[in-house]
2 protein chains.
Amino acid sequence: MSTHAQSQAQPQPHADPSQESATYRRYLSAVLLHGHAGAKACGLGATDLYALNVLDLGGPMTPGELGARTGLTTGPTTRLVDRLEAAGYVRRVPSPDDRRKVIVEPVGRPAELDRVLAPARRRLGELLGSYPPEQRAVLFDYFARATEAYREAAEQLRDPEE
Amino acid sequence: MSTHAQSQAQPQPHADPSQESATYRRYLSAVLLHGHAGAKACGLGATDLYALNVLDLGGPMTPGELGARTGLTTGPTTRLVDRLEAAGYVRRVPSPDDRRKVIVEPVGRPAELDRVLAPARRRLGELLGSYPPEQRAVLFDYFARATEAYREAAEQLRDPEE
DNA sequence: CCTAATCTCTTCTCTAAAGAAGAGGAATCC
DNA sequence: GGATTCCTCTTCTTTAGAGAAGAGATTAGG
């Protein structure tokens, strides 16, 4: 097993679409499983991981915005930012144009999380590097498009009526 | 925006590898975000989603095995299976060869979870369908290989010494 | 200017889920 | 066939995290 990354020029196509569906679902499960396991290994709760992903996708934002996107009221939001700040994942910066506001921005290198995710990153990097450039271009084209689709779907799950 | 799924025959390759890395990280964040949002919309806790993914990847197993893979002791494991069974996601089946054992198996259609994830599935299905067959083959080749990589990485996160 | 609205943070309370310890039934080994 | 081991489930206790309500500081509007 694990003789991956041979990557012949023409990977055999799946004949059966339902087989494709099962393959894709298992793939998503594995991605989620790995994300959860990594967060747990860092002592991060589910909400903390969620918020980090929100920040990763949405960029720096105020605690109010972060709380709204995470589905929390102001109390838990403050404590959430406290936890993330204490763990070194984010930083509070005063807003330049409104002194009531605070900007929560991700810190450059979340060391602990990066450390536990490093083995997977390395393996996936090798896997991606094993494809010829034109195939890798297809993969990254998909990644970029899928990111948008998932992000919008997640937003609609959060605010079903909007 | 959202003019996806045009998929020219040759998507432009990324010139900068660090750009690739950022694209990939954002993609993973979006996948995780969508998974969390879906679970939350169904009233599933983080552990419940984790366990469902374990079952999806590992197939039917005993509560003991599920608890071990989820990192729980026996008490919470029983309640976890109780919750999943009450919500209609899994079923307890007596083991045919050892009457002490119980097999936890996923139920065919977890209706609620499927319902909330359906919009994303549909959009991603359209996206995948928009690629010509040989490019789609590359994508599914990647999905299958990446599944193994993530699964093994998640296992090593759970049992760092093994 | 003085009032109203907005943003963050604090305190108190409450619920959901995890751990620890142990009971009961079933299989295995001598 | 009797003792030991194994698997699941139950009970009790504890902790982490969420909601509600309000205080303090700052901005906007009449």
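Treat the numbers as computed from the prediction; the structure is a model and nothing was measured. In what follows, chains carry the letters A, B, and so on, assigned in the order in which the sequence lines appear, proteins first and then strands, with residues in each chain numbered from 1.
Between A:G43 and A:T74, the residue whose closest nucleotide on DNA chain D is further toward the 5' end is A:G43. Comparing B:K101 and A:L44, the nucleotide of DNA chain D nearest to each residue sits closer to the 5' end for B:K101.
With rounding to the nearest 0.5 Å, the separation of CD in B:Q135 from CG in A:L139 is 9.5 Å.
Taking side-chain N and O atoms only, B:T47 has a distance below 4.0 Å to OP1 or OP2 of C:dA18. Contact between the side-chain N/O atoms of B:T73 and the OP1/OP2 oxygens of C:dG19 is found at a separation under 4.0 Å.
Not counting sequence neighbours, the partners of B:R151 by the salt bridge (Lys or Arg N to Asp or Glu O under 4.0 Å) test are B:E148, B:E155. Partners of B:H36 according to the ring pair (Phe, Tyr, Trp, His ring centres under 6.0 Å) rule, which considers only residues two or more places apart in sequence or in another chain, are A:H36, A:Y50.
Contact annotation for B:P76: base contact, defined as any heavy-atom pair under 4.0 Å involving a base atom. Within the nucleic acid shown, A:G75 comes within 4.0 Å of at least one base atom, counting heavy atoms only. Residue-level contact check: B:L80 touches neither bases nor backbone, having no heavy atom under 4.0 Å from any strand. Residue-level contact check: B:T62 touches the backbone only, with heavy atoms under 4.0 Å from sugar-phosphate atoms and none from bases.
Residue pairs meeting the side chain to side chain donor-acceptor pair (under 3.5 Å) criterion with at least one partner in residues 67-77 of chain B, sequence neighbours excluded, are B:E65-B:R69.
Checked against the 6.0 Å centroid threshold, A:F143 and B:Y142 count as a close aromatic pair. The aromatic ring centroids of A:F140 and A:Y131 lie 6.0 Å or more from each other.
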Q: Carefully, step by step, assess A:R92 and A:D82 under the rule salt bridge (Lys or Arg N to Asp or Glu O under 4.0 Å).
A: CA-CA 9 Å; A:R92 279 185 171 97; A:D82 288 345; 2.9 Å; yes

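Where DNA chain D meets chain A (any atom under 4.0 Å from a heavy atom), the bounding nucleotides read 5' to 3' are D:dG17 to D:dT27.
A:L127 is listed as a side-chain neighbour of A:L124, based on a closest heavy-atom distance under 4.5 Å. Side-chain contact between B:N53 and B:L57: absent, with no pair of heavy atoms (C-beta onward) separated by less than 4.5 Å.
Remark: C1' of C:dA16 and CG of B:L72 are 14 Å apart, rounded to the nearest angstrom. Atom CG in B:L49 sits roughly 13 Å away from atom P in C:dA17 (whole-Å rounding). Atom-to-atom, CG of A:L84 to P of C:dC9 comes out at 13 Å; the value is rounded to the nearest Å.
Bending across the helix from C:dC1-D:dG30 to C:dC30-D:dG1, expressed as the angle between its end axes from five pairs apiece, amounts to 20° (10° rounding).
Under the 30°/60° scheme for interplanar angles, the aromatic rings of A:Y24 and A:Y27 are found to be tilted.
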Tabulated below should be each protein N or O lying under 3.5 Å from an N or O of nucleotides 27-30 of chain C; please produce it.
from   : atom 1 : to    : atom 2 : distance (Å)
C:dA27 : OP1    : B:R99 : N      : 3.0
C:dA27 : OP1    : B:R99 : NE     : 3.4
C:dA27 : OP2    : B:R99 : NH2    : 3.4

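Of the charged side-chain nitrogens involved, none lies within less than 4.0 Å of a carboxylate oxygen, so that B:R91 and B:E85 do not count as a salt-bridged pair.
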